[in-house]
Undergrad: 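Before I ask anything, let me first share the structure, which is written out below as structure tokens.
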Amino acid sequence: MNDRMRIRVLLLRVLVLSLLATLGARLWVLQVLDGDHYRQVAETNRVREVVTPATRGMILDDRGQPLVRNRTSLVISVNRSATDRQADHGKAVLARLAGVINTPADELTRRIRFCTAQVKPPCWNGSPYQPVPVAKDVSPQQALAVIEHPDRFPGVSADLQAVREYPHGSLAAHELGYLAPVTQDQLDKQGDEKGYHLNSLIGVAGLESTYDDELRGTDGVERLEVDRFGRVAGTASTTAPVSGDHLVLNLDLGVQQATEQALQDTINQLGGGNRTASAVVLDVRTGGVVAMASLPSYNPSVFVGGVSEQDYRALSDPANGIPLLSRAYQGSGAAGSTFKAISTAVAMQNLGAKGDQRYDCAPTLQIGDQVFHNFDGESAGPITLHQALVISCDVIFDQFAYDSWLADGGLRNGRGPYSPPKEYFVRMAQAMGFGKATGLDLPGEAKGSVVDRAGAKAIWAELKDSYCRRAKNGYPEESDPVKAERFRKYAAEACVDGYLYNAGAATQFAIGQGQYLSVSPLQLATAYAAIANGGTLWKPTLAKAAVAPDGRVVQTFPPRKAGTLPVSPEILAYIRGSLAGVTTEGGGTATGVFADWPSTIVPIAAKTGTAEVEGKGDTSWFASFAPANDPRFAVVVTIPDSGTGAEYAAPVAKRIYQAIYGVGQAAAMPGGQPPAALPKINRDGTIAATSLRVPPVGTIVAAPVSAPGRGPVVGAPAGSPLAVLPALSTTADVARTGPGLATGATGPAAWHPPPGSAGPPAAVGVLSSAPSRAPPAGTARP
Amino acid sequence: MGGGVVNQEAGPTALRSSPVPVRGRIGQLRDRASGRHSPLRRLDWTLQLCVIGLSVVGALLVWSATRQRLGEAGGDPQTFLKRHLLNLAIGLVLGAVATVVDYRVLRAYAPFVYLGSLVGLVAVLLFGSTINGAHSWIVLPAGFQLQPSEFAKVALVVGAAMLLGEQHEDRHTGIRHSAPGHGDVLLVLGLTVVPIALIMLQPDFGTVMVLVFTTLGMLAVSGAPRRWVLGLILCGVLFGGAILQFHLLQPYQEARLTSFVSENKASSGTGYNVAQAMIAIANGGIHGRGLLHGQQTQGQFVPEQQTDFVFSVAGEELGYLGAGGIIVLLGVVLWRALSIGFASQDSFGALIATGVVCWFTFQSFVNVGMCLGIMPVTGLPLPFLSYGGSSMFANMIAVGLLQNVRLRSRSDPYAL
């Protein structure tokens, strides 16, 4: 061999070594540098998760009585990883199973197929290693038929699973909410962070949604090692499920039941149909929601195991009153004369009115070319603001609003020397929490609306074109030619100067009418609670605490402050005194309703309201708190399409107070106080619920604050506010009000009706569930 | 060992027959007794031990890759372990034969070796069985299979070395020089084309590539005219391009090659194999999961793991240390082989070594590169490690040839 060949051999050696070095380097990259990535892939390659859902926490009322709990359901499941390996892919087994659970085999096949973009439910969107539930709530006989013949039903299992149960049916449904399977989107975005798994149920409405993290617990995960064929080779790791925490509410079962019953009775009395009614009971010292109800309601159990499309459509149908919608916090409307309490605050705090000063409650008020009438045109002569609230005089508040409007420049819309306009009424409404969410711990809260001059202009700018089109084309769809012409005339005016915040709008605002103010019952309740407690606006809160299954208090939800009213304590005290007169003094709009109420023991401060709704009956309002001298509870009742506040809403509120204080029945709130302590949940998970259903003894007791849950106490320690009340009739469903005493704000309104094609303006009330509003009769503009 | 016995037997005879001075005799005796010049002593033991080591590691890896499946099927989980060791033993015997035969004798019989391999390749076309899409196996009784294309590698190396390694005489000038001329190159190409054509008919594209690269390497080292070497490389590139362009390959072969470049490796088919192999290797990390403890391997995620993808077992269960160690061992084998070639006294020996090195290098690089995702899937076994009798036998014969060359590479008083 010559030397040149030797050199070539050496070159070959270099080539060989460099190739091997390449392999070594690549191996390093794969095993060490990129190792983590591939190991992760290996993990998903190899490990399958089987999820044991955690038991969801219960939702308990303030005394530990379950509002939502879990019951066990016998569930038959098919394990596809087993049936798929059978020679016929489980066909024979499914056919046999179909006979046992009386479901067609086709249907079973559909239920266990895997969901994809093309395959829609019924299908299984969980893990292929997770048994697919095919029948829930089967009988023990059916379950035994499966369990005792594993040879005939390989891959089929029957076991107990926890499902949500609602012991009180539809009670507080809007507050409790319901569960739904996690969506792919949620799984992708929050799956890791929140511990969701395929087929997890998560809260999607109400408290179930807001406190989902607390209630859901942590699912147990068994991680199975599988081989290439999906056969289980062993268990990689197992974590046991951790049950969710129980949620203790401020809501009180007894008060809630009484509230819903009173509302339901009233709806029945009115003739049912798609009528709605709602009520809110707040603890004025904490903002705790003691009761909140809206009818019609629904039983959340329709959502257990997935709501059918038919059920869901019925629950969202306006013909049924949209049962899914809570009018208490998701609807809003004109507040009527209940707003006069706020207007009184404006008059005294901002406009220099004095408590002992007298103002003329004339039958009419001339503003420009427009005449405003008192309700039913009555005259009370010169009276104080106290009396104006008691008898609900419109004209006095109209006058304050008109003066304020003039001071802001009237139609000059706050330009020039009037800039910026003070807009005291609007600002006070905003300070009271109107026009924005109260901060309730439920999703989907209605903000309502408070429209100031700038806002009015913005709305007009949006609607102007359609006003002008209507001015030109008229309302051909309107059958009544007189009405159509009136609408057209209105549209023509609005087309030209609809941006003007006119005197009519301003005066209507002050008495809770018109389109520039829309409040939800909850907002009104928080505002009245703030007036009652001396000026603190609380965020209404349903949840009080999260308690672990072993009784440990995990978290308490303390009162959350939303703001302070810009009203001096003296003025608030004056208003409280005036409102107390509404139920007690002669001429008081609710004196008739509360004639048999033990006002000397539990005085009630209140204001009635009657809001006009075009094309419907009036909305009846009642906003109140008690005891007037040491307020604890605020109660607001709203009944659309009914009548005056005193006629319909006030009696419902009275029944709620009767339940709270135990007039003629056992007190739901013994001593007139919510329970101070959390219900005791024993270590073994049972709940020592305080029994409250003590038989009526014919007396009620207002116990001291520190005696919650004790039941009736007869006899009072010296110096305490304890008093024994006479037993009272609770049959006053329809209280007789004195003729002419029930007063609402029904003066002619300066409406800005929406043109038919423009859709509702900003402040359309949902309370009335009126699909749309047409221009009202008697429209006049100054 | 055996060598010692031979020397001891020879010792007394020498004492009796040679009347040389005692001291000199004693020294010679000592030399012979210590076996300094015995053929066994002069074998390249580093090479031999590395090869045996690789084969034993291969047996363990094959065992790890197959015992689960065999156990599940109700068979003896150690079947493949035993067979691999049996193959190793048979291979060592065949290698010993290849070592013992003087390669100059071998050179004389090279044409017969070559023709024999052609007969095998024709036989496989006539009587063979198709496994994994290639008609490459002759099934023998008792569960053994023969893959003639493996032996064609040996035949080609020997044949080409013979043609390129002889003293070349220029027909016109009569000058003898060691570099092959155009005629020799053409002859070698002819020699290569026949088995290539036969293997293409199976078709076994991987083996064809081994033969191509081996021939090319031997031509280059032999000192063949440069234009031939470069021209052949160019031809290869054009040919490869044409194959893919005009879909001359079987669909499964094309899929193997193209899945290497295509994006979706993890889906299924060939890309799936590679993805699973890479996952397994990466799963091993530096230290590995321990023999028989690789989750990917024991979960049987990597198809063909005892043959083409045996390196992935090493990667997962032995880690970077183990798998890197295997690469190092392969490097030592190739290094020693080239050293043997370098030390060879004649071109024939050097070319034998060159051919074997090209063959082993190509197969090792393509196989390991495939497991690491940097080479296309070609279905080539990893020398000594992959399970397969014919492959093991051919490899061991090649190692035997290397030892043969080494034994005859220096002046040797005991040469046969």
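Values in this document were obtained by computation on a predicted structure and should not be read as measured data. Every chain is numbered from 1 and lettered A, B, ... according to where its sequence line falls, protein lines coming before strand lines.
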Undergrad: Which heavy atom in A:Arg13 sits nearest to a heavy atom in B:Leu338, and how many Å separate them?
TA: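 Scanning both residues completely, I find the closest heavy atoms to be CA-CD1, 3.2 Å.
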
Undergrad: Do you know which of B:Gln296, B:Glu316, B:Gln298 has the most heavy-atom pairs under 4.5 Å to chain A?
TA: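 Most heavy-atom pairs under 4.5 Å with chain A: B:Gln296.
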
Undergrad: Do you know the tightest heavy-atom contact between A:Arg8 and B:Val221?
TA: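 Scanning both residues completely, I find the closest heavy atoms to be NE-O, 2.7 Å.
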
Undergrad: Sort by residue number and list every member of residues 328-336 of chain B having a non-hydrogen atom under 4.5 Å from chain A.
TA: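 Residues B:Leu330, B:Gly331, B:Leu334, B:Trp335 are the ones that qualify, each having a heavy atom under 4.5 Å from chain A.
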
Undergrad: Does the side chain of A:Leu12 come within less than 4.5 Å of B:Cys358's, by heavy atoms?
TA: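 Sidechains of A:Leu12 and B:Cys358: in contact.
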
Undergrad: Please classify the contact of B:Phe360 with chain A as side chain, backbone, both or neither, using a heavy-atom distance under 4.5 Å.
TA: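 The answer is neither part of B:Phe360.
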
Undergrad: Please report the interatomic distance OG1(B:Thr361) to CG(A:Leu17), rounded to the nearest 0.5 Å.
TA: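 Rounded to the nearest 0.5 Å, the OG1-CG separation comes to 9.0 Å.
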
Undergrad: If I compare all heavy atoms of A:Met5 with all of B:Ala350, which pair ends up nearest, and what's the gap?
TA: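 What the structure gives for the nearest pair is CE-CB, 4.0 Å.
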
Undergrad: Any non-hydrogen side-chain atom of A:Leu19 less than 4.5 Å from a side-chain atom of B:Phe362?
TA: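 The answer is no, as the side chains (C-beta and beyond) never meet within the 4.5 Å cut-off.
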
Undergrad: Nearest 0.5 Å please: distance from the CD1 atom of B:Ile286 over to the CD atom of A:Gln31.
TA: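 If we round to the nearest 0.5 Å, B:Ile286:CD1 and A:Gln31:CD are 8.5 Å apart.
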
Undergrad: Quick one: pull up CG in A:Asp34 and CD1 in B:Ile281 and give me the separation to the nearest 0.5 Å.
TA: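 If I round to the nearest 0.5 Å, the distance is 12.5 Å.
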
Undergrad: Would you give the length of the straight line joining atom CG of A:Leu10 to atom CZ of B:Phe342, rounded to the nearest 0.5 angstrom?
TA: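 Interatomic distance, A:Leu10 CG to B:Phe342 CZ, rounded to 0.5 Å: 4.5 Å.
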
Undergrad: Between B:Cys371, B:Gly319, B:Ser364, B:Ala337, who has the most heavy-atom pairs with chain A when the cutoff is under 4.5 Å?
TA: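 Most heavy-atom pairs under 4.5 Å with chain A: B:Gly319.
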
Undergrad: Measure the CZ-OG distance between A:Arg4 and B:Ser222 for me, rounded to the nearest 0.5 Å.
TA: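 It comes to 11.5 Å.
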
Undergrad: Measure A:Leu20 against the heavy atoms of chain B and call it side chain, backbone, both or neither at under 4.5 Å.
TA: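 For A:Leu20, heavy atoms of backbone and side chain both lie under 4.5 Å from chain B.
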
Undergrad: Enter the distance from B:Asn283:CG to A:Gln40:CD here, rounded to the nearest 0.5 Å.
TA: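 It comes to 12.0 Å.
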
Undergrad: Would a distance-only check, ignoring hydrogens and angles, find a side-chain to backbone donor-acceptor pair under 3.5 Å from A:Arg26 to B:Ile374?
TA: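 Pair absent, no side-chain N/O of A:Arg26 close to backbone of B:Ile374.
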
Undergrad: Does B:Val185 have any side-chain contact (heavy atoms from CB on, under 4.5 Å) partners at least two apart in sequence or in another chain, and if so, which?
TA: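 B:Val185 satisfies side-chain contact (heavy atoms from CB on, under 4.5 Å) with B:Leu189, B:Leu219, B:Ala224, B:Pro225, B:Trp228 only.
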
Undergrad: Could you check if a side-chain atom of B:Val368 sits within less than 4.5 angstrom of a side-chain atom of A:Leu27, using non-hydrogen atoms only?
TA: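 Side-chain contact under 4.5 Å: no.
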
Undergrad: Below 4.5 Å from any heavy atom of chain A, which atoms of B:Ala353 appear? Answer side chain, backbone, both or neither.
TA: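 Answer is neither: B:Ala353 stays 4.5 Å or more from chain A.
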
Undergrad: Count the heavy atoms belonging to other residues, nucleotides or ligands that lie under 6.0 Å from CD of A:Glu107, then report whether that count exceeds 12.
TA: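 Enclosed.
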
Undergrad: Looking at A:Gly24, is its backbone amide N or carbonyl O close enough to the side chain of B:Tyr320 to form a donor-acceptor pair, meaning the two atoms are under 3.5 Å apart?
TA: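 Yes, the answer is positive, given that a donor and an acceptor are paired below the 3.5 Å cut-off.
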
